Amino acid sequence: MTVLIAYATTEGQTRKIARFCADHLIARGLSVELLPLADLEDEDHVDMARFDAAILAGSLHGMRLQPQLVRFAARHAAALNDRPGLFLMVSLAAAGNDPQEHKDLARLSSEFAETSGWAPGKVVHVAGAFRFTQYDFFKSLAMRWIAHSKGEVVDPHADREYTDWAALADLMARWPDAGPKG
Ligand SMILES: Cc1cc2nc3c(=O)[nH]c(=O)nc-3n(C[C@H](O)[C@H](O)[C@H](O)COP(=O)(O)O)c2cc1C
């Protein structure tokens with residue numbers, strides 16, 4: 001089985017997540033192609049016929065996913081809908097327990113499916129990270145304020161990861177599950 005993992009990242013956490021998933025699938029004997037969507041030119045052709053299943057991953061910034069992820073899902077929706085599909089949506093809201101934020105995540109992933117036309121068999125909300133080492137002054141200020149408002153004490157010179165790697169490893173040990181769309 002050959003799996004496509006296409007991802008969009010802004011500060012790098014989703015890249016780390018995508019690579020982690022790739023390593024785990026490869027360890028199971030699957031073939032994996034990692035596709036960083038930022039490197040994809042509009043006219044680049046991706047032959048979906050080569051893939052038996054696909055994972056798409058992207059992260060939230062200001063309640064929005066990266067536009068290149070939405071474009072890619074829309075362009076390949078028909079082929080993606082024919083294969084087991086997993087959408088990994090990375091955010092900080094997924095790290096907390098705020099019911100309103102979790103409702104927002106569910107709404108945003110449904111909107112993504114509607115806008116793109118891709119209906120993944122499985123959607124998983126993955127907790128991301130504060131990546132202070134990647135932020136400019138203003139982003140750092142904004143993220144410190146967000147951390148403070150959530151009662152988190154963060155070191156503005158270090159990254160803080162919330163990603164549950166054990167849960168992801170567990171998911172990669174069994175995905176795609178038996179069933180028509182994984
Ligand atoms: C400027 C900015 C805006 C963000 N907006 C949101 C948001 O609206 N909702 C959320 O849950 N997380 C938000 N986050 C957190 C990111 O989703 C989180 O840091 C994630 O790990 C980023 O993944 P990436 O490094 O792959 O881009 C934001 C982060 C930054 C830096």
Side-chain angles (χ1 to χ4, degrees), residues 3-25 32-40 46 54-74 85-116 118 120 122-172 175:
V3 179
L4 170 69
I5 303 182
Y7 68 90
T9 186
T10 304
E11 285 98 26
Q13 189 67 13
T14 309
R15 180 187 313 116
K16 191 169 172 182
I17 288 166
R19 286 182 176 160
F20 179 90
C21 292
D23 287 347
H24 279 254
L25 294 178
V32 175
E33 183 167 324
L34 263 177
L35 178 62
L37 293 171
D39 293 353
L40 202 64
V46 177
I55 298 175
L56 265 59
S59 59
L60 273 189
H61 288 79
M63 307 278 272
R64 297 184 59 170
L65 289 159
Q66 286 88 357
Q68 66 264 36
L69 176 75
V70 183
R71 274 201 304 275
F72 183 83
L86 169 65
F87 177 37
L88 299 177
M89 185 160 142
V90 179
S91 69
L92 278 175
N97 296 313
D98 185 321
Q100 184 55 51
E101 290 193 354
H102 281 246
K103 259 193 192 165
D104 288 341
L105 291 183
R107 177 177 54 79
L108 292 169
S109 54
S110 300
E111 283 174 8
F112 168 65
E114 266 168 46
T115 311
S116 66
W118 176 46
K122 195 174 185 70
V123 177
V124 175
H125 293 281
V126 181
F130 285 113
R131 289 204 141 193
F132 285 101
T133 56
Q134 307 295 316
Y135 300 156
D136 61 20
F137 176 78
F138 293 105
K139 251 192 199 181
S140 179
L141 212 61
M143 297 311 281
R144 281 164 71 178
W145 184 82
I146 287 173
H148 177 74
S149 72
K150 291 181 180 298
E152 293 282 330
V153 180
V154 288
D155 172 356
H157 303 291
D159 296 342
R160 163 83 70 91
E161 258 184 4
Y162 297 89
T163 309
D164 184 342
W165 299 109
L168 261 188
D170 190 46
L171 178 63
M172 289 304 114
W175 184 86

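Both counts, for ligands and for their atoms, begin at 1 and track the order of listing. None of the values given here were measured: they were computed from a predicted structure.
A side-chain donor-acceptor contact under 3.5 Å links H102 to the backbone of G96. The main-chain N or O of S91 is never found under 3.5 Å from a side-chain atom of S59 such that the two would form a donor-acceptor pair. Side-chain atoms of D159 never come within 3.5 Å of backbone atoms of A129 as a donor-acceptor pair (strictly under, hydrogens ignored).
Considering backbone and side-chain N/O atoms, A129 comes within less than 3.5 Å of an N/O atom of ligand 1. Note: an N/O pair closer than 3.5 Å links G12 and ligand 1 by distance alone. Considering backbone and side-chain N/O of Q13, one or more are found under 3.5 Å from N/O of ligand 1. Of the polar atoms of T14, at least one N or O is found under 3.5 Å from an N or O of ligand 1, judged by distance alone. Considering both main-chain and side-chain atoms, T10 comes within under 3.5 Å of ligand 1 through a nitrogen or oxygen pair. Considering backbone and side-chain atoms alike, M63 places an N or O below 3.5 Å from some N or O of ligand 1. On a distance-only criterion, A93 and ligand 1 share at least one N/O pair closer than 3.5 Å.
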Exercise for review: Under the side chain to side chain contact (heavy atoms under 4.5 Å, CB included) rule, what do K139 and Q134 come out as? Steps first, then yes or no, please.
Suggested key: CA-CA 9 Å; K139 251 192 199 181; Q134 307 295 316; over 6 Å; no
Practice item. For the pair I17 and F20, evaluate side chain to side chain contact (heavy atoms under 4.5 Å, CB included) and give the outcome as yes or no after the intermediate values. Key: CA-CA 5 Å; I17 288 166; F20 179 90; 5.5 Å; no
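Summary of contacts: the protein heavy atom closest to atom 12 (N) of ligand 1 is L92 N, 3.3 Å. Of all protein heavy atoms, the one closest to atom 31 (C) of ligand 1 is E11 OE2, 3.5 Å. Distance from atom 14 (N) of ligand 1 to its nearest protein heavy atom, with residue and atom name: L60 O, 3.2 Å. Considering only non-hydrogen protein atoms, atom 5 (N) of ligand 1 sits nearest to G62 N, 2.8 Å. Scanning the protein heavy atoms around atom 29 (C) of ligand 1, the nearest turns out to be M143 CE, 3.4 Å. Among protein heavy atoms, atom 23 (O) of ligand 1 sits closest to S59 CB, 3.2 Å.
Here the CD atom belonging to Q68 is positioned 9.0 Å from the CG atom belonging to L40, to the nearest 0.5 angstrom. Taken from OG1 in T163 to CG in L88, the straight-line distance is 10.5 Å, to the nearest 0.5 Å. With values rounded to the nearest 0.5 angstrom, L69 atom CG is found 12.5 Å from R64 atom CZ.
At a heavy-atom cutoff of 4.0 Å, ligand 1 is contacted by no atom of F130, backbone or side chain.
Contact atoms of ligand 1 toward T9: 24 (P), 25 (O), 26 (O), 27 (O) (distance under 4.0 Å to a heavy atom of the residue). Within ligand 1, the atoms closer than 4.0 Å to a non-hydrogen atom of G128 are 21 (O), numbered from 1 in the order shown.
Ligand 1 has no atom lying under 4.0 Å from any heavy atom of Y7. Contact annotation: A142 has no heavy atom less than 4.0 Å from any atom of ligand 1.
Aromatic ring pairs are classed by plane angle as parallel below 30°, tilted from 30° to 60° and perpendicular above 60°; the pair F132 and F130 is parallel.
Taking 4.5 Å as the limit, some side-chain heavy atom of L105 sits within range of a side-chain heavy atom of L60.
The ring-ring contact (aromatic ring centres under 6.0 Å, His included) test with F87 singles out one residue from F72, Y7, F112, and that residue is F112.
Scanning for side-chain contact (heavy atoms from CB on, under 4.5 Å) contacts around D164 gives A166, A167, with sequence neighbours left out.
For atom 30 (C) of ligand 1, the choice among Q134, H61, R160 with the nearest heavy atom turns out to be H61.
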